[in-house]
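Remarks on the structure that follows.
Throughout, a chain's letter reflects where its sequence line sits, starting with A, and its residues are numbered from 1.
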Amino acid sequence: MVTTAPTALETELLALAGSVPDPELPVLSLADLGVVRGVRVLAPGKVDVELTPTYTGCPAIEAMTADIEQVLHEHGVAEVSVRTVLSPAWSTDDISAEGRRKLTEFGIAPPRAHAVDGPVPLSLSIRCPHCGSTDTELLSRFSSTACKALRRCASCREPFDHFKEL
Amino acid sequence: MTTTSTPPDSRTEAALALGDDALVLSHRLGEWAGHAPVLEEEVALANIALDLLGQARVLLSSVGDEDELAYLREERAFRNLQLVEQPNGDFAHTIARQLYFSTYQTLLYGQLAAADGELAPLAAKAVKEVAYHQDHAEQWTLRLGDGTAESHARIQRGLDALWRFTGEMFQPVVGLDIDRTALRESWTASVTAVIERATLTVPSGPQSGAWTAGAGRQGLHTEPFGRMLAEMQHLHRSHPGASW
């Protein structure tokens, strides 16, 4: 756990690790997604990175780990260890405002913000990323990946993915 | 080959029980690949399986080598509920199994997440995932029950056939510090509400057979489990150390 304030080098390396694109949604960086929890320099040339999975079974975590290692190696860090941490659990609220904008631009309806813990929210309207209509319907709770649901817009008739609230 | 030479401690027992539930149900749901009634359900069941597999990996890795535990244990060393090892049957049968199990898992993880035990971090994460599994099962129970005479009859058959495996969920597990009375009451209330809304009948028979009570958690499994394990393990056992 990081207990002291990050150094200038740690801040720089965190930005580098965060710049890695998400392997499944390459429009988003890992920083946009909010999955890089911290970078700590343990010794010169030796760095520890904390990464949290979106879903427990997310298969992208291995690609993310390899990509972070590569970008830090290229920056001259000899030894990089990427650790997966579960707690506190990642939430779609961790996706940045910039990340939400990029998702919409990419044709994926961004997750709605959680107000409180509770049952799966289904009632608030979800806006079509293509035409902006809020008249959309759920086709399937699970889509191309576990984190997305498949919806259809009743106005423009286009199907689209919705990043589910988690 | 067994991987435990000494009696497992309570932490191991709890992680194996929950990890094996997730692993075995994940494998069963994976069997739907290429067979689901519609493409959306093909994807949904695979995604649910993937969530469960991720949970299983965390749980099994916390007490040993995940591959050894998954692929090299004999049937009697598995601690999963008999409910999750039951064959898929038709789609309605699978949905009935999903309704019973995902309701249990959501309530169980909810309790564990609220407590301060070793399983709390995983439970806090997984409870949000399984809430979607439960929602999926509930919506399908409603559609099938309140659908055609055929779909109604099939989901009722599934609910009835699997009812006798539900009592085991409320048996004590060493190392799992939960309020089992509250778990049972909440589970029964939740499942009853969905079944009745779906115009179906809550099964009335016993929730465990005389010969099966709590048996999965003790390593006693039903006959189809052996064949499932043979399929799940044969590649790893035939080619030790093989990788993609």
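- Taking chain B as the reference chain and counting heavy-atom pairs below 4.5 Å, the highest number among A:S87, A:A89, A:A149 is found for A:A89.
- Neither the backbone nor the side chain of A:T92 comes within contact range of chain B, judged by heavy atoms closer than 4.5 Å.
- Ion pairing between B:R57 and A:E62 holds under the 4.0 Å rule for side-chain N and carboxylate O.
- Between B:K125 and A:L86, the shortest heavy-atom distance links the atoms CD-CD2, 3.8 Å.
- With a threshold of 4.5 angstrom between heavy atoms, A:T84 does not approach chain B through any atom at all.
- Ranked by non-hydrogen atom pairs under 4.5 Å with chain A, the options B:E41, B:E40, B:Q134, B:E129 are led by B:E129.
- When each of B:D51, B:L50, B:N47 is checked for a side chain to side chain contact (heavy atoms under 4.5 Å, CB included) with A:Y55, only B:D51 meets the rule.
- The local environment of CG in B:D65 is crowded, with over 12 non-hydrogen atoms from other residues, nucleotides or ligands closer than 6.0 Å.
- With a threshold of 4.5 angstrom between heavy atoms, B:L122 approaches chain A through its backbone and through its side chain.
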> So B:Q139 and A:R141, side-chain contact (heavy atoms from CB on, under 4.5 Å) or not? Walk me through it.
Replying inline: CA-CA 10 Å; B:Q139 297 304 321; A:R141 275 163 187 75; 3.1 Å; yes
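- The number of heavy-atom neighbours closer than 6.0 Å to CZ of B:F170, taken from other residues, nucleotides and ligands shown, is above 12.
- Dense packing is recorded around CZ of A:R101, with more than 12 heavy atoms of other residues, nucleotides or ligands lying under 6.0 Å away.
- By the 30° and 60° cut-offs, the orientation of the rings of B:Y132 relative to A:F142 is perpendicular.
- The CG atom of B:L39 lies 11.5 Å from the CG atom of A:L139; values are rounded to the nearest 0.5 Å.
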